Each structure stands twice: as C-alpha cells, then as structure tokens.
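Since this is a predicted model, take the numbers as computed values, not measurements.
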Amino acid sequence: MKTILNCFILLIFILFSSTKIQAQDVPYKCVYEPDAQTQEISRQVLAKMNSLKGQNQGNQTSLLTGVVKIPLVVHVIEPSTSSSIITDTEVNTMVANLNAAYRATGAFAGSQDIEIEFELAKQDPTCNTTTGITRYDASGNATYVSKGVFNTGVSWATIQSWKVWPKNLYANIWIVHKLDNGAAGVGGPSEGFIVLANSVKTPNEQVSPHEIAHYFGLAHPFPTDATPGTTTNCNCGDGDGLTDTPNLTAYSIGSICSHEWSCSTTAMNSINPCTNAAYGNIQKNIMNYLNTNCGTQFTVNQKTFMRNFIESYHSVLLTSPVLQTTPSIPVATISATPTFCTSTAFPNFSAMCLCSSIQTMTINGNVVTSYGLKPVLSAGQQSTWTYGLTCANGLTDTKTVLFYNPGVTNIVTACGTGGFYSLTFNNPNNFIVTSSLGMVIGNSVINVPNGTNVVLTVSDANGCGNNQQTVISPCCSLGDNSPVACTPTASNGLSVYFGIASFAFNGTPAINTTSSSSQSDGKNYVDNSCLNQTNVVAGNTYTLTVGGYFTNAHKVKVYIDYNNNGQFIEADETVLSGTTSGLTGGNVYSGTITIPNTAVANTLLRVRVLADPSSSSNSCTIVGQTGFGSGQIEDYALTVTNNCSMYSVKSGNWDDSTVWSCARIPTNLDIVTITSGHTVTVPSSITAHAKDLRAYGVLTLQQTGLLKLVTP
C-alpha cells in the first residue's frame, strides 16, 4: 500500500491481503468477492438483521440516523497531455447522479431513500483547499496509454501507486480511459472503484451507483459461482442473503447461464424458475444484471444492510474532517473495535496522523511496521494487546483491543450409570455451546453414551468462531481412556495373511493377548485400550513381544504416547521397531524399552502396536500389499508412576515442564517444592494441581489462576 506523507497517513490492514474485486460492463456483469475482513463484517450484519427481527430484516435499524455524507475524491488518470477524458463538470454530474440514486430522486424516484449523500472533498492530504478532483499525467506509460488497466494493461495497484488518498478519510474513485477486461467499472469494499470515463458520462448512468453499493458491502442478488463459458453451476441461489430480493440463477462474467436482462412489463411478468413466481421488481434493482436504464431501485433490506455495513466498516469515514472548509487541526488517531474474535480476519483498524506523518508504531511496546498483527489463541483463550502511534509532530495515541477465540477450557469427563457419561467445562465468557451428543445444561453435557466421542461447537453471540472441540469418551469400566488423534486406516483392506497374532508386555499386571489375521478379526484396527492396561515405573526396563500371523514376516512398530497429546511421533515415540522371524511357532519380534522420566505420569497413556508387511506403514496408515491386504494396529494403555522428586529448577510458569526437575508439569500425586530464589507463576485461566506444596521460594497466582492441593 502506498503511504501518503506530509498529511493524512492511513493504514487499513485488510489491504495487506490480496485485493478482491467486482467488475461490470453493459449490461452489468460483476465479480463480487469481498476479502476475509469485509466478508466477516457482512456475515455479522446479516446475522444481526436476521436475529433481531426474525426474517423482517428491513425493520432492523442501524445506529446511523438521518442523512450521512460520504467524502469523495476522484482521480482522473490521463493518457494524454493534450486532452482530458472527463471534465470537472462531468465529474460533478456523476456525483449528482450518485446522490439521485441514493436519495431516490430524478430517474431513481420510487426507490428507497438510502439517506446517503456524496460530496467532493474540500481538503486534500496537505490540509489545503481542493476541488476533490485530481489529475495524473500517465502519458509516459506506454502500457497504460495503449491497453489501459487490468488484463494486459497496468494493474489497479499501479494506478493506486500513482494516485491514492487515505482510504479511511476519502472514498477513492479512479477514472480511466480504458479497461481491457471488458468491464465498465471495477470496485472493492475496501478500495472504492475504478471506472471507464465513458461509463459515467451517460445521463442517469447506473454504473457508479452499482459499484459504490459494492463499496458499501452489498452483493448481487444472485450467486456468482457459475463457470464461465459453460452451463456448469447455473444453479438457483441467494447471492446477498436479503429476504426482499428473490433467488435467481447463478451468473458470472463469461457465463452462458440463463438470465433475464430486460425490465419490460413482459420480462417482469415472466416466471422466475427459482421461485415459480414473476420476476417483478428485481428487474429494476440496481444490483441485478440488467440492460441500460433498467437499474433504478434499491430495496428496504438493501438500505438497512448498507447503512449497517457503513456503521461497522466505514465508521471512520463518517467522521472525516475533509468536507470542512476550514483547515483541520493536527491529530493522532487509532480507531479499532475494542473486542475482536481471532477466528476471523483482522479487525477494522486504522491509524492516522492528520497533517503529519507516522513516526513509529508499536504493539505491546514493541516497534512494528504494520498493525496487521494479532495473537494466536487456542480455543477459550483471550489476550489484550495495546497498539501505539507516534506522529512526526509528536502527537501520540493508543488503542487497546481484547482478542478472544471462542471455546471452552478444562473439559473433564466423568463416568455415570446406565451406560452414560457426562462432561463439564469452564465457560467464563458465556460462549454458546452445542454438543453432538447428550444434552447441554449450563456448563455440563449429560447423557452421553459410553464409548462415543463428543464434538462441542462453540461460538459467540454473533456466530463468530464455531470452533469444534472433540472430547474423547472415557473408559468407564477401567478408568479414563487415553486420547488419540487418528483412527488408523488400511490401504489394502482386510487380509487372511497378516495380523497381530499376539502381544505381550510385562508391566503390572502383564498384558498377554492373542489374536488372528485382520480378516479373521474382521478389523484392521482394534482398540484394546479400555480392556488391556498395565502399570510401569519411570526408569525401569520392560520386555515387549509382538507376534505376526502364521509364518509371514511382519514389520513391527510399537509406539507409546509419552506426552499424552494423542499423536505418535515416529522419531520420538517409536519404542520398538523390527521384523518378525517368519518361523513356524516363533514368528515374533521382541525387544526391551526403558520408560523415560519425561513421560506424563499418573495418566493413562496409549500404546499402539503395528504389524504389517510394508515398511511404509505408520501409526495412522496400515499399507499392506496389493492383492494380499493389510495387517493390523492394536491399541493398549499404560500408566507411568514417576518416582522423581518434584522441585523447581528455575523461575517460570507452573505449566512449563522445563521449570520442574521431573521435566513434566506437577500432578495431584506430586509433593511440590518451590526452591529458594525461584518464582513460579500460575498463569490466568490455569488450574495447577499438587498433592502438597512446600514454598521456599515465591508462588504467584495471576488473576483467575488457581492451585488445588490434595493434602493427605
């Protein structure tokens, strides 16, 4: 983005991503693809319109009241030094036409009065008087002169590098002599629009009203996903989400899908195949694809949507001082939404040095070059960031934004009776929670069938997030089950030749199982983790033996999920690897393992056993052999008892395993010592556990941080 120095400095962060556009020719043909930021704002506006007034969207009102003014700047990009492609008088006529369209006067009488007026700016970026019209001599650029803008011409970004005024203070319009994509105009919700001079000279033209409506976030009434040059995806659909514009057949630039272009009485009375009713006034709607002079109307809901979008996205524009005739007073301003959901795009955020330039920008005290940064948060987490601005004239401003990611924390499962279990969770921000199974009551889910996993879907009141958190079913007969990130798949299906015939692990109690081929078992994957569990001691050595089916040699791997994250990392958690002998009565592979002190203790950990002919098989995929099928994976479980003495080895956070002597986070079975000279902090939203605590150093609890002791 080009920075304008010496006066207004603007940083609108959605422009750091690729520009999304909508374009049109005559008859109107556009591509409406809002960027992630404007798409999310549109979704929230529609959600608010629907939720507050049911489907009677037009009754939902914006905080905007009365007539609002939009300051314009028009940049004429001249291809020649000897003549102008549009005169100042013609530019003023275009602005008057915009006002007629948005105040329902003249050729647009009978439309909704949108109560929006447009006015050319009276102050330029140097705080001097302006007509609101600029002219840039591009005659020295041969590509622009001969081909114009887009496909084979220069890019719109190039045009903006030549001439742009701060986009939070001005709605920018570029007028050019040629668009080589066949369009009459191209617009973007965060840009303004670029347009052919000849397209806005026609009396009562509909190009500028249509394009600036896209700038206000308004979509076409039909879907735009039809495939150009074909009849593919010529489906009926709702393009704008508004209830007073009917479903229409999809269309896009180059599409040959059926579309009614006329606004004649015959056309309006003809049957819309998407509704089985007459097309009606949609054939006069400014946002439809129509023949010249047809588009003269907006609907009630289109008015409501545009005004809400302006309120949400262009609010800084409404307070722009550039329509004043007196010079502005220098100020430094950051504008931003005070709270923002991190699962969406960056918030509507801008920084401005009025009549000066930006000297430094900071985030949480650190100097940065862009405000387009936000925290990466796990589900249920939130974080406050402070943004700072210092202008060259010494003026400063700060803005604090609370970022959050919808989600719940501290999910705990509990076995119940009658074949059901329940779960509880923390939800301090009162997010909306739904469950794939059972019944949500407050911060609990009850009546979940044993052996089934639960998916919790969490969002805020505006529908932001919809994060899904999967809860693994507990093993209610033998204690909590261990998690697993993937259910194994078999590339070549069941086999009469391969499988895990036996598995032995001499823990306490010992595991000794026998089985058969995957074909005989009817499964390539068998989860024995509830029924076959053992206990081991960290630092001790144990023997494992895996038997392959019949006399076929098997590649064997055994994994233990030592860190209990549900994943089996090949390099770190493969505890045994080799090939069975293939001998009758002895088709086994054996080895010993030593349980590391770093293993998560006092928690059920999953053991995964693999036997398959392919060396390419891993913990998630049983490859097998083409024509002969795949072997098997079987899961078991163990609990590690860690006899390590738990004390702090340095200062740091409680939930940092490197702080502790046992290289893991303390549990409710540990007697914890904070060493003299060390400070251990329990962060916010964390619940720390210990059997007992001996604090010779300092223990700090941050805000909602908790420590629970199970004292004997």
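- Checked by atom type, the side-chain pair Asp521/Ser515 shows a donor-acceptor distance below 3.5 Å.
- In this structure the side chain of Lys555 never reaches within 4.5 angstrom of the side chain of Asp612, judged on heavy atoms.
- Taking 4.5 Å as the limit, every side-chain heavy atom of Gln382 sits out of range of all side-chain heavy atoms of Pro428.
- Between Tyr636 and Thr513, the side chains place a donor N or O and an acceptor N or O closer than 3.5 Å (distance only, hydrogens not considered).
- The OH atom of Tyr542 lies 11.0 Å from the CG atom of Leu544; values are rounded to the nearest 0.5 Å.
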Task: Derivation and outcome, side-chain hydrogen bond (donor to acceptor under 3.5 Å, both in side chains), residues Thr594 and Thr541 - done: CA-CA 4 Å; Thr594 300; Thr541 300; 2.9 Å; yes

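- In this structure a side-chain-to-backbone donor-acceptor pair under 3.5 Å is missing from Ser436 to Val454.
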TODO: Step by step, work out the side chain to side chain contact (heavy atoms under 4.5 Å, CB included) result for Phe503 and Asn532.
DONE: CA-CA 11 Å; Phe503 175 61; Asn532 291 277; over 6 Å; no

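- When atom types are taken as modelled, the side chain of Gln381 and the backbone of Asn405 share no donor-acceptor pair closer than 3.5 angstrom.
- With contacts defined as side-chain heavy-atom distances shorter than 4.5 Å, the pair Leu456/Ile411 qualifies.
- The shortest distance between side-chain heavy atoms of Asn524 and Leu494 falls below 4.5 Å.
- Considering Leu638, Ile511, Leu604 as possible partners of Gln533, the one that fulfils the side-chain contact (heavy atoms from CB on, under 4.5 Å) test is Leu604.
- Side-chain contact between Ile633 and Tyr559 is absent, with no heavy atoms from C-beta onward closer than 4.5 Å.
- Around atom OH of Tyr404, more than 12 heavy atoms belonging to other residues, nucleotides or ligands sit under 6.0 Å away.
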Please table the atom pairs, donor to acceptor, closer than 3.5 Å between any side-chain atom in residues 695-710 and protein atoms at least two apart or in another chain.
from: Gln703; atom 1: OE1; to: Ser684; atom 2: OG; distance (Å): 3.4
from: Thr704; atom 1: OG1; to: Ser685; atom 2: N; distance (Å): 2.8

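- In this model, no donor atom of one side chain and acceptor atom of the other lie less than 3.5 Å apart for Ser444 and Thr424.
- Remark: the Thr580 side chain and the Asn587 side chain contain an N/O donor-acceptor pair separated by less than 3.5 Å.
- From Thr534, atom OG1 reaches atom CG of Leu605 across 12.0 Å, with rounding to the nearest 0.5 Å.
- Between Phe340 and Phe403, the ring planes lie perpendicular to each other; the angle is over 60°, past the 30° to 60° tilted range.
- In this structure, Ser651 and His678 have side chains that are in contact, with non-hydrogen atoms separated by less than 4.5 Å.
- Between Pro683 and Asp655, the shortest heavy-atom distance links the atoms CG-OD1, 3.7 Å.
- The heavy-atom pair separating Val496 from Tyr549 by the smallest distance is O-CE2, 3.2 Å.
- Contact record, Gln632 with Ser518: CG-CB, 3.5 Å, taken as the closest heavy-atom pair.
- Side-chain contact check for Trp654 versus His689: every heavy-atom pair is 4.5 Å or farther apart.
- A salt bridge links Arg606 and Asp635; the closest N-O separation between the charged side-chain nitrogens and carboxylate oxygens is under 4.0 Å.
- Of all non-hydrogen atoms in Ile432 and Ala461, the two that sit nearest each other are CD1-CA, 3.9 Å.
- Pairing each heavy atom of Val659 with each of Lys650, the nearest pair is CG1-O, 3.4 Å.
- Atoms CD1 and OG, from Ile500 and Ser517 in turn, are 12.0 Å apart once rounded to the nearest 0.5 Å.
- For the residue pair Asn466 and Ser459, the shortest heavy atom distance occurs at OD1-CB, 3.3 Å.
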